[in-house]
Amino acid sequence: MHTGRIAELWTYPVKGCRGIPLEVATVEPMGLAHDRRWMVVRPSGRFLTQRELPALARVGTALEDGRLVLVLDGQRHSVLPA
């Protein structure tokens with residue numbers, strides 16, 4: 001039997017945006033808590049990827065006081081209850 005070690009664990013609340021390093025994680029039926037629960041979509045409902053919009057890689061994410069926070073170029077925007 002092989003054993004392994006987890007060196008780092010990250011969650012990515014918004015698909016395509018920057019992640020959050022974790023010290024501990026909660027596993028839910030859908031996977032890690034808050035992992036890829038949101039995505040950026042066009043008005044038509046079609047989601048965007050970094051391939052189409054590379055600037056998504058610059059959007060930071062945080063979970064603060066039960067809310068999703070997006071950060072771009074130093075500007076913070078509290079978005080939704082997490």
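The figures here come from the full heavy-atom set of this structure, side chains too, leaving out hydrogens, waters and symmetry mates. None of these values were measured; they are calculated from a predicted model.
When all heavy atoms of Thr11 and Ala33 are compared, the pair lying nearest together is OG1-O, 3.7 Å. Nearest heavy-atom pair across Ala62 and Ile20 is CA-CD1, 3.7 Å. When all heavy atoms of Leu32 and Val27 are compared, the closest pair comes out as CD2-CG2, 4.0 Å. Among all heavy-atom pairs drawn from Gly60 and Arg18, the shortest one is CA-CB, 4.0 Å.
Residue Arg37 places its CZ atom among more than 12 non-hydrogen atoms of other residues, nucleotides or ligands, all under 6.0 Å distant.
Between Val71 and Val59 the shortest side-chain heavy-atom distance does not fall below 4.5 Å. You'll find the side chain of Trp38 reaches within 4.5 Å of the side chain of Leu68, heavy atoms only. Between Lys15 and Val40, the closest side-chain pair of non-hydrogen atoms is not below 4.5 Å.
Atoms CD and CZ, on Glu52 and Arg46 in that order, are 4.5 Å from each other to the nearest 0.5 Å. Atoms NE2 and CD, on His34 and Glu28 in that order, are 6.5 Å from each other to the nearest 0.5 Å. Residue Leu48 holds its CG atom at 10.0 Å from CE of Met39, rounded to the nearest 0.5 Å. Atom OG1 of Thr61 and atom CH2 of Trp10 lie 9.0 Å apart (nearest 0.5 Å). Here the CD-SG distance, from Gln50 to Cys17, works out to 7.5 Å after rounding to the nearest 0.5 Å.
Checking side-chain atoms of Asp35 against main-chain N and O of Tyr12 turns up a donor-acceptor pair under 3.5 Å.
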I would like to know whether Leu72 and Arg58 meet side chain to side chain contact (heavy atoms under 4.5 Å, CB included); could you show each step before the answer?
-> CA-CA 7 Å; Leu72 180 63; Arg58 296 184 11 241; 3.7 Å; yes

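By the rule that hydrophobic residues join a cluster once side-chain heavy atoms approach within less than 4.5 Å of another member, Leu56 and Val41 end up as members of separate clusters.
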